[in-house]
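Comments concern the structure below.
The shown structure was predicted, so the numbers you read here are calculated from the model rather than taken from an experiment.
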Amino acid sequence: MKRAIVFGATGGIGQAICQDLAESGWSLYLHYNSKEKTAEELVQKLFAKYPKQDFMPIKLNFETDDAQLSKFVKNLLPVNAVIFAQGVTNYGFLGDEDLENITRLININLTVPIKLTKLLEPQLMKQDFSRIVYLGSVYGGYGSALESVYSATKGGLSRFAQAYAREVASNNLTVNVIAPGAVKTSMNSIFSEDTIQEVQEEIPVGRWADGKDISYWIKVLLDKRSNYLTGQTIYVTGGWLLLFFFSFRV
C-alpha cells in the first residue's frame, strides 16, 4: 500500500491534493493543526469513496519543539511520499513586523519542513520509491513587496530542494517544489474584489488558479514514473509574473 502524508491538508490546496491522491490510490495521513473538524470530515468523505484505502487525521503544531517533532515522526506508519502544503504569510512592511512573528513565519514555512524532512528521511529511504514535494510560491523566485519574509521562505524551499535532491537522488527519492501563482484560497481572501480583478487581468490565462490546478502537478510528481525529475521548482502560475522573472534572469 502506498501512503503519503499531506501537511496542511485542511487548506484549500491541501484538500485538493488529498482528493487527487486518494483518487490515484494513495492512503493518506491528513495533517491539521487547529481545523480538526475539517480534517475529520474530509477523512470521512474520502473513506466513503475509497473504502480500501486508509485515511487518518493527524495533529501537529509546527510551533512545537524538536522533541515533539521527533515523537510525531516515530509514531507514523511508513510513508512513500511527503507533501508540505502548509504555510502562513503576513502582509505589511518589514519594519512594522514583530520579531516574534518573523520567527514564527520562518519556522512554519521553512525551518520545520526541513527538520521534518531530516526526521522522515530514514523511512523514505527504505521504500522502493519515495517523493517529497514542497509547496512554494512564484514569490520565491520573483519576490513580493509587503511579503518579504514570506518570499524569503519560499525561495529558501527552492534552494533547499535543489541541494537536498542531490544528496538523496541515488536512493530513488525525488525532491521538488511546486510554486503556484495566484490561487483562490483563504490566504488571499483578505483582498478586495477590485484587487482580485486587477491581479486577474495580469494573468495571461485570464483567471486565478483553484486548488485542482495545483494538486494535479503534485499527483504527477508522486507517480512512480516521475523518477527522473528532481531538484526542480515548477511554476504553476498561468503565465503570471514569469515573463519578467525569466527575462530578468537571462
Checklist entry - Would Ile102 and Leu94 satisfy side-chain contact (heavy atoms from CB on, under 4.5 Å), going step by step from the backbone distance to the final call? => result CA-CA 9 Å; Ile102 291 173; Leu94 178 64; 3.8 Å; yes
Checklist entry - Which word best sums up how the rings of Phe55 and Phe47 line up, parallel for under 30°, tilted for 30 to 60°, or perpendicular for over 60°? => result perpendicular
Checklist entry - Out of Leu76, Val6, Leu28, Asn75, which one pairs with Ile58 under the side chain to side chain contact (heavy atoms under 4.5 Å, CB included) rule? => result Leu76
Give the cluster check for [X] versus [Y]: same hydrophobic cluster or not, with ILVMFWY residues linked at side-chain heavy-atom distances below 4.5 Å.
X      : Y      : result
Phe93  : Tyr91  : no
Tyr235 : Val205 : yes
Val79  : Phe62  : yes
Trp217 : Ile214 : yes
Leu229 : Tyr216 : yes

Rounded distance [0.5 Å steps], [atom1] in [X] versus [atom2] in [Y]:
X      : Y      : atom1 : atom2 : answer
Lys74  : Gln123 : NZ    : CD    : 12.5 Å
Leu173 : Thr230 : CG    : OG1   : 7.0 Å
Lys71  : Leu60  : NZ    : CG    : 12.0 Å
Thr117 : Leu157 : OG1   : CG    : 9.0 Å
Met125 : Ser170 : CE    : OG    : 7.0 Å
Lys45  : Glu40  : NZ    : CD    : 16.0 Å

Test your reading of the model: is there a side-chain donor-acceptor pair from [X] to the backbone of [Y], 3.5 Å cut-off?
X      : Y      : value
Asp98  : Glu100 : no
His31  : Gly8   : yes
Arg3   : Tyr29  : no
Ser226 : Val220 : yes
Lys154 : Leu135 : yes
Asp223 : Arg225 : yes

Looking at side-chain heavy atoms only, is the closest gap between [X] and [Y] below 4.5 Å?
X      : Y      : result
Leu116 : Val82  : no
Asn172 : Asn227 : no
Leu124 : Asn171 : no

Identify the two heavy atoms, one from [X] and one from [Y], that lie closest to each other, and give their separation to 0.1 Å.
X      : Y      : result
Gln232 : Asn176 : N-OD1, 3.0 Å
Lys59  : Phe72  : O-CE1, 3.7 Å
Ala39  : Pro57  : CB-CB, 4.2 Å
Pro180 : Gly136 : CD-O, 3.3 Å
Ile218 : Ile178 : CG1-CG1, 3.9 Å
Val177 : Ala161 : CG2-CB, 3.7 Å

Taking only distance into account, with no hydrogens and no angle test, what donor-acceptor pairs under 3.5 Å do side-chain atoms of residues 105-112 form with protein atoms, sequence neighbours excluded?
{"from": "Asn107", "atom 1": "ND2", "to": "Thr103", "atom 2": "O", "distance (Å)": "3.4"}
{"from": "Asn109", "atom 1": "OD1", "to": "Val88", "atom 2": "N", "distance (Å)": "3.0"}
{"from": "Asn109", "atom 1": "ND2", "to": "Val88", "atom 2": "O", "distance (Å)": "2.9"}
{"from": "Asn109", "atom 1": "ND2", "to": "Thr153", "atom 2": "OG1", "distance (Å)": "3.3"}

Checklist entry - For Glu63, what residues pass the salt bridge (charged side-chain N to carboxylate O under 4.0 Å, His left out) criterion, not counting sequence neighbours? => result Arg104
Item to check | Test salt bridge (charged side-chain N to carboxylate O under 4.0 Å, His left out) applied to Lys115 - qualifying residues, sequence neighbours left out | outcome: Asp66
Checklist entry - Got a sec, which residues hit ring pair (Phe, Tyr, Trp, His ring centres under 6.0 Å) with Phe84, two or more places apart in sequence or on another chain? => result Phe7, Tyr134
Checklist entry - Step by step, would you call Ile132 with Leu120 a side-chain contact (heavy atoms from CB on, under 4.5 Å)? => result CA-CA 10 Å; Ile132 298 174; Leu120 286 160; over 6 Å; no
Checklist outcome for this item: Those residues at least two apart in sequence (or on a different chain) that pass side-chain contact (heavy atoms from CB on, under 4.5 Å) with Ala152 are none
Checklist entry - Run the side-chain contact (heavy atoms from CB on, under 4.5 Å) check on Leu222 and Lys2 step by step: do they pass? => result CA-CA 10 Å; Leu222 264 60; Lys2 56 185 183 180; over 6 Å; no
Checklist entry - Just wondering, are more than 12 heavy atoms of other shown residues or ligands nearer than 6.0 Å to CG in Asp65? => result yes
Return a table of donor-acceptor pairs under 3.5 angstrom between the side chains of residues 12-27 and protein atoms on other chains or two or more places apart.
{"from": "Gln15", "atom 1": "NE2", "to": "Thr10", "atom 2": "O", "distance (Å)": "2.9"}
{"from": "Asp20", "atom 1": "OD1", "to": "Lys212", "atom 2": "NZ", "distance (Å)": "2.9"}
{"from": "Asp20", "atom 1": "OD2", "to": "Ser215", "atom 2": "OG", "distance (Å)": "2.8"}
{"from": "Ser24", "atom 1": "OG", "to": "Asp20", "atom 2": "O", "distance (Å)": "3.2"}
{"from": "Ser27", "atom 1": "OG", "to": "Asp54", "atom 2": "N", "distance (Å)": "2.9"}

